[in-house]
Amino acid sequence: MDGADNPKWMSDQNIGRYRAIADECHAHAEHARYVLDKEAWLKLAADWNVLAEDAARRRRNG
């Protein structure tokens, strides 16, 4: 079984990195000059948060 088939391969460090990227996207959104840019950054932040939560849930449920 390779790592992609085993949710335990997702480390807390990787999950934290996903959350950090989401935070960076939020920061970019706060400084965006245009509404469309802000919306795009917020969408990216939401997507990274979903990835982090999904990875954390898979890790917990193994």
Side-chain angles (χ1 to χ4, degrees):
M1 172 184 282
D2 75 10
D5 295 327
N6 181 0
K8 294 290 186 187
W9 70 270
M10 181 59 64
S11 72
D12 290 337
Q13 183 178 10
N14 287 340
I15 294 167
R17 185 166 188 271
Y18 291 169
R19 290 184 176 134
I21 293 170
D23 290 344
E24 289 177 24
C25 291
H26 276 287
H28 283 291
E30 288 178 19
H31 295 97
R33 292 175 50 178
Y34 303 105
V35 173
L36 287 177
D37 290 344
K38 181 174 185 167
E39 290 171 354
W41 283 115
L42 291 174
K43 171 72 170 106
L44 285 169
D47 290 346
W48 279 107
N49 278 323
V50 167
L51 287 171
E53 291 306 313
D54 185 53
R57 184 175 50 257
R58 287 176 186 235
R59 183 167 169 74
R60 279 191 306 272
N61 296 335

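Only heavy atoms go into these numbers, but all of them, side chains included; no hydrogens, no water, no symmetry mates.
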| said: Let's go through Arg58 and Asp54 carefully: what are the C-alpha distance in whole Å and the side-chain angles of both, what is the deciding distance for salt bridge (Lys or Arg N to Asp or Glu O under 4.0 Å) to 0.1 Å, and is it a yes or a no? | reply: CA-CA 6 Å; Arg58 287 176 186 235; Asp54 185 53; 3.0 Å; yes

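Under a hydrophobic-cluster definition in which Ile, Leu, Val, Met, Phe, Trp and Tyr are linked whenever side-chain heavy atoms come within less than 4.5 Å, directly or via other members, Leu51 and Ile21 are assigned to the same cluster.
Taking every heavy atom of both residues into account, Asn49 and Ala22 meet most closely at OD1-CB, 3.4 Å. Between Cys25 and Trp48, the shortest heavy-atom contact is SG-CD1, 4.1 Å. Of all heavy-atom pairs between Arg19 and Ala52, the closest is CG-CB, 3.6 Å.
Interatomic distance, His28 NE2 to Leu42 CG, rounded to the nearest 0.5 Å: 12.0 Å. From Lys38, atom NZ reaches atom CZ of Arg33 across 15.0 Å, with rounding to the nearest 0.5 Å.
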